[in-house]
Peer 1: 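I have a structure I would like to understand better, so I am pasting it below and will then ask my questions one at a time.
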Amino acid sequence: MLAPVLTIDGPSGAGKGTVSRLVAKKLGWHYLDSGSIYRSVAIAIQNASVDLANISDIIKVTQAMVLGFECGDTLIVKLNGIDITDQLGLESTGNIASQVAVLPEVRAILLQKQKDFRQLPGLVADGRDMGTVVFPDAGNKVFLTASAEKRAERRYKQLIEKEIDANLAKIKSEIEARDRRDMERETAPLAMASDALYIDSSEMTINSVVEEVIKLIR
Ligand code: C5P
């Protein structure tokens, strides 16, 4: 029997990660953070000192990388056996990830790695193309978004709480640049699946978003 899937797609900073983790925990389902896979490619090419213009070497590095996920209270990601969890969340990693994510060859290599997460009793999959490309047959789909202002404010607060220096205007313009790149690319652009539930979290708490998503499943 094919495991049921709930997909949660949307732009960066809409709260997909937090909502997906909480929903997966409530349902007792597995969780796929597909962004972390693209972020791992970004780290792999940085480790190998590959230039972003060198597409054939980016493809080689993507093919060769071995990823390990350990899902406990927090997600631990290993690249070729080395824990890269701390590097995954960096703004620079996300920006490079969105540049390699435009390459169809990279997306094709990563497709099966993502499908392999579909295991019983079920999967919550978070990303940009979960409901449109990776799991088009998912039983439940959500498109979670929020205004660029709100997403920038949330990211700014997170960084300040971690005592990392941050500039709100710069974060907002990086978020807008990343949105444009994710929406305008030719392969698997960020788009809402026609059968997805649209949720704008700008004025919502995380808990109320989680409740709406759980209602959809039940
Ligand atoms: O979600 P996160 O910010 O971790 O994703 C980093 C980047 O990876 C995104 O900006 C996007 O370009 C890419 N990505 C993607 N498809 C996914 C998940 C992430 O293209 N399913």
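Just so you know, ligand 1 is whichever comes first in the structure, and atom 1 is the first atom listed for that ligand.
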Peer 1: Between ligand 1 and Ser12, is the shortest N or O to N or O distance under 3.5 Å?
Peer 2: no

Peer 1: Could you tell me the residue and atom name of the protein heavy atom closest to atom 18 (C) of ligand 1, and the distance to it rounded to 0.1 Å?
Peer 2: Ser34 OG, 3.4 Å

Peer 1: Examine Arg39 against ligand 1 and note whether any of their N/O atoms are separated by less than 3.5 Å.
Peer 2: yes

Peer 1: Return a yes/no value for Ser36: is any of its N or O atoms, backbone included, closer than 3.5 angstrom to an N or O of ligand 1?
Peer 2: no

Peer 1: Suppose we call two aromatic rings close when their centres sit under 6.0 Å apart. Are Phe117 and Tyr31 close by that rule?
Peer 2: no

Peer 1: Whether Asp9 and Arg128 form a salt bridge (side-chain N of Lys/Arg under 4.0 Å from carboxylate O of Asp/Glu) is what I want to check.
Peer 2: no

Peer 1: So that I can tick it off, tell me whether Arg118 and Asp137 are bridged by a salt bridge, with the cut-off set at under 4.0 angstrom between side-chain N and carboxylate O.
Peer 2: yes

Peer 1: When you compare ligand 1 with Arg107, is there at least one nitrogen or oxygen pair between them that comes in under 3.5 angstrom?
Peer 2: yes

Peer 1: Hey, is Ala101 touching ligand 1 through its side chain, its backbone, both or neither, going by heavy atoms under 4.0 Å?
Peer 2: side chain

Peer 1: Taking 4.0 angstrom as the limit, do Lys60 and Asp57 come out as a salt bridge?
Peer 2: yes

Peer 1: Sequence neighbours left out, what passes ring pair (Phe, Tyr, Trp, His ring centres under 6.0 Å) with Tyr156? Give chain and number order.
Peer 2: none

Peer 1: How far is atom 1 (O) of ligand 1 from the closest protein heavy atom, and which atom is that?
Peer 2: Arg128 NH1, 2.9 Å

Peer 1: For atom 14 (N) of ligand 1, what's the nearest protein heavy atom and its distance?
Peer 2: Tyr38 CD1, 3.7 Å

Peer 1: Does Glu91 approach ligand 1 within less than 4.0 angstrom via side chain, backbone, both or neither, non-hydrogen atoms only?
Peer 2: neither

Peer 1: Any carboxylate oxygen within less than 4.0 angstrom of a Lys/Arg side-chain nitrogen, looking at Lys215 and Glu211?
Peer 2: no

Peer 1: Salt bridge check: are Glu176 and Arg180 linked by an N-O gap of less than 4.0 Å?
Peer 2: no

Peer 1: Is there at least one pair of N or O atoms, one from Asp126 and one from ligand 1, spaced under 3.5 Å apart?
Peer 2: no

Peer 1: Just distances here: any N/O of Asp129 and N/O of ligand 1 closer than 3.5 Å?
Peer 2: yes

Peer 1: Under the criterion side chain to side chain donor-acceptor pair (under 3.5 Å), I'd like the reasoning laid out for Arg181 against Ser98: C-alpha separation, chi angles, the key distance, then a yes or no.
Peer 2: CA-CA 7 Å; Arg181 207 155 40 223; Ser98 90; 2.7 Å; yes

Peer 1: Hey, is Arg181 one of the residues with a heavy atom under 4.0 angstrom from ligand 1?
Peer 2: no

Peer 1: Please state which protein non-hydrogen atom is closest to atom 6 (C) of ligand 1 and give its distance, to 0.1 Å?
Peer 2: Arg178 NH1, 3.7 Å

Peer 1: I'd like to know whether ligand 1 has Gln99 as a neighbour, heavy-atom separation below 4.0 Å.
Peer 2: no

Peer 1: Among protein heavy atoms, which lies nearest atom 12 (O) of ligand 1, and at what distance?
Peer 2: Asp182 OD1, 2.6 Å

Peer 1: Please identify which atoms of ligand 1 are closer than 4.0 Å to at least one heavy atom of Met130.
Peer 2: 21 (N)

Peer 1: Salt-bridged, Arg39 to Asp33, with N to O below 4.0 Å?
Peer 2: no

Peer 1: Before accepting this row, confirm whether a basic side-chain N of the pair Glu91/Arg155 lies closer than 4.0 Å to the acidic partner's carboxylate O.
Peer 2: yes

